[in-house]
Asks: 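The structure under discussion is supplied below as structure tokens; questions concerning it will follow.
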2 protein chains.
Amino acid sequence: MSVDTFSVLSEPTRRRILDRLLEAESSVNELAKALDVSQPTVSKQLKVLREAGFVTCRTEAQRRIYRIHARPFQALDDWLQPYRALWDRHLDALERHLDNLEES
Amino acid sequence: MSVDTFSVLSEPTRRRILDRLLEAESSVNELAKALDVSQPTVSKQLKVLREAGFVTCRTEAQRRIYRIHARPFQALDDWLQPYRALWDRHLDALERHLDNLEES
DNA sequence: GATGTGTATGCCTTGACAGGCATATACTGA
DNA sequence: TCAGTATATGCCTGTCAAGGCATACACATC
């Protein structure tokens, strides 16, 4: 996973953009209006999202149509994997170990 | 999910602390030594992690033993859920829709 | 080419925050 | 009570990034 996947997702505006792009592809202005954010702000955040692989865009006349991509989310899913041992129902070594020291 | 789960995870030192705590409970000094980070830095980051629910601690004489917790990771897992539609094998409405507009 | 529309970029200000260092606080044992 | 150990906190500084505004750039239509 790219080192800064979390930084990218830590920005609320970017998460709102991703939420929206999950519903449908959108142009910059569509996003700006839907989210009530200035167009430059949207463009800047889309640039961040693009460079981190969260979105790609195609050109349609003067408009740029942005689309969400799976890969960074998959990477996040992968990153999460080892931590799932914390709540997966089957008792593995880690869980047994920690439960022996239970304090909370 | 707490609004700032991603902000918490966006800090590399904090992720390293969580990595380590996933292996075993640790005191502050143990973490500081293992990660080669100053003790105040560790304490500060642990405070952030504590307030976000990633860790709890118990007192053992003068030492504070920190332990990782599942809940915020589960919240992250939940947040991820809608985005799994992007790569899940079965073709749902979203995927069909986006694929009709395929460009990449 | 001139004008309009859509988007990107540059500059600026402001705020958040990470870490260094010093110090306060908490607990222990002599 | 004193010294030692473990941890937390306060102050300071530097860095970085978000968004406002103006403007540059790209494309279309006439």
Side-chain angles (χ1 to χ4, degrees), chain A residues 2-21 24-69 72 101 103-104, chain B residues 2-21 24-69 72 101 103-104:
Chain A
S2 153
V3 186
D4 53 352
T5 296
F6 288 113
S7 312
V8 172
L9 292 175
S10 70
E11 224 292 309
T13 303
R14 286 195 285 264
R15 287 201 302 272
R16 294 177 64 212
I17 290 176
L18 291 173
D19 276 355
R20 198 96 205 314
L21 290 180
E25 297 186 328
S26 298
S27 71
V28 177
N29 266 338
E30 282 168 0
L31 288 169
K33 278 164 191 155
L35 306 180
D36 194 29
V37 171
S38 81
Q39 173 269 311
T41 291
V42 172
S43 279
K44 286 173 189 171
Q45 304 296 19
L46 283 171
K47 180 178 187 177
V48 175
L49 291 169
R50 218 189 312 126
E51 290 175 346
F54 283 89
V55 303
T56 53
C57 72
R58 67 173 190 276
T59 300
E60 228 174 52
Q62 318 98 302
R63 307 171 67 211
R64 306 285 171 86
I65 311 296
Y66 281 81
R67 172 172 176 174
I68 197 169
H69 273 259
L101 305 158
E103 95 288 0
S104 60
Chain B
S2 154
V3 186
D4 53 352
T5 296
F6 288 113
S7 312
V8 171
L9 293 174
S10 69
E11 226 291 310
T13 303
R14 285 195 287 263
R15 287 201 301 272
R16 295 178 63 212
I17 290 176
L18 291 173
D19 276 356
R20 199 97 206 315
L21 290 181
E25 297 187 327
S26 299
S27 71
V28 177
N29 267 339
E30 282 168 0
L31 288 169
K33 277 164 192 154
L35 306 180
D36 194 29
V37 170
S38 80
Q39 172 268 312
T41 292
V42 172
S43 279
K44 287 173 189 171
Q45 302 298 18
L46 282 171
K47 180 179 186 176
V48 175
L49 291 170
R50 218 187 315 124
E51 290 175 347
F54 283 89
V55 302
T56 52
C57 72
R58 67 172 190 278
T59 299
E60 229 175 49
Q62 318 97 303
R63 307 172 67 213
R64 305 286 171 86
I65 310 297
Y66 280 81
R67 172 173 176 174
I68 197 169
H69 273 260
L101 305 157
E103 95 288 4
S104 62

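In what follows, chains are A, B, ... by sequence order, proteins preceding strands, each numbered from 1.
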Asks: Donor-acceptor pairs under 3.5 Å, side chain of residues 29-36 of chain A to any protein atom, not counting sequence neighbours: which ones?
Replies:
| residue | atom | partner | partner atom | Å |
| --- | --- | --- | --- | --- |
| A/E30 | OE1 | A/S27 | N | 2.9 |
| A/E30 | OE2 | A/R63 | NH2 | 2.8 |

Asks: What pairs with B/V8 under side chain to side chain contact (heavy atoms under 4.5 Å, CB included), at least two apart in sequence or on another chain?
Replies: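 Residues passing side chain to side chain contact (heavy atoms under 4.5 Å, CB included) with B/V8: B/R14, B/V48, B/L49, B/A52, B/F54.
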
Asks: So which one's nearest nucleotide on DNA chain D is more toward 5', B/K33 or B/K47?
Replies: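 The answer here is B/K33.
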
Asks: What is the first contacted nucleotide of DNA chain C and what is the last, in 5' to 3' order, if contact means an atom lying under 4.0 angstrom from a heavy atom of chain A?
Replies: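 Range of nucleotides within reach of chain A: C/dG4 to C/dC11.
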
Asks: Are any of B/S27's side-chain N or O atoms less than 4.0 Å away from OP1 or OP2 of D/dA6?
Replies: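 For D/dA6, OP1/OP2 do not have a side-chain N/O of B/S27 under 4.0 Å.
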
Asks: Are the side chain of A/R15 and the backbone of A/L9 linked by a donor-acceptor contact shorter than 3.5 Å?
Replies: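 Such a contact is found between A/R15 side chain and A/L9 backbone.
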
Asks: Could you check which residues of residues 35-46 of chain B get a heavy atom under 4.0 Å from DNA chain C? Sort them by number, please.
Replies: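 Those residues are B/S38, B/P40, B/T41, B/K44, B/Q45.
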
Asks: Quick one: list whatever passes side chain to side chain donor-acceptor pair (under 3.5 Å) with B/Q39, sequence neighbours left out.
Replies: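 Checked B/Q39 against side chain to side chain donor-acceptor pair (under 3.5 Å); matches are B/S43.
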
Asks: Scan A/T13 against the nucleic acid and name what it touches under 4.0 Å (heavy atoms): base, sugar-phosphate only, or nothing.
Replies: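 Touches sugar-phosphate only.
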
Asks: Mind calculating the distance between CD (A/E60) and P (D/dC27) to the nearest angstrom?
Replies: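 Checked: the CD to P distance equals 14 Å.
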
Asks: If the condition is side chain to side chain donor-acceptor pair (under 3.5 Å), which residues does A/T59 pass it with, not counting sequence neighbours?
Replies: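 If we apply the side chain to side chain donor-acceptor pair (under 3.5 Å) test to A/T59, skipping adjacent residues, there are no hits.
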
Asks: Going by salt bridge (charged side-chain N to carboxylate O under 4.0 Å, His left out), name the pairs with one or both residues in residues 37-51 of chain B, residues two or more places apart or in two chains.
Replies: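 Residue pairs passing salt bridge (charged side-chain N to carboxylate O under 4.0 Å, His left out), neighbours aside: none found.
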
Asks: If I compare all heavy atoms of B/I68 with all of B/V55, which pair ends up nearest, and what's the gap?
Replies: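 Taking every non-hydrogen atom into account, CA-CG1, 4.2 Å.
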
Asks: What's the separation between atom OG1 in B/T56 and atom CD1 in B/I65, rounded to the nearest 0.5 Å?
Replies: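 That separation rounds to 11.5 Å.
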
Asks: Ignoring backbone atoms, test whether B/Y66 places a side-chain nitrogen or oxygen under 4.0 Å from the OP1 or OP2 oxygen of D/dA8.
Replies: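 So the side-chain polar atoms of B/Y66 do come within 4.0 Å of the phosphate oxygens OP1 or OP2 of D/dA8, strictly under.
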
Asks: Within this structure, what is the CD-to-C1' distance between B/Q62 and D/dG4, rounded to whole angstrom?
Replies: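 Distance check: B/Q62 CD to D/dG4 C1' gives 9 Å.
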
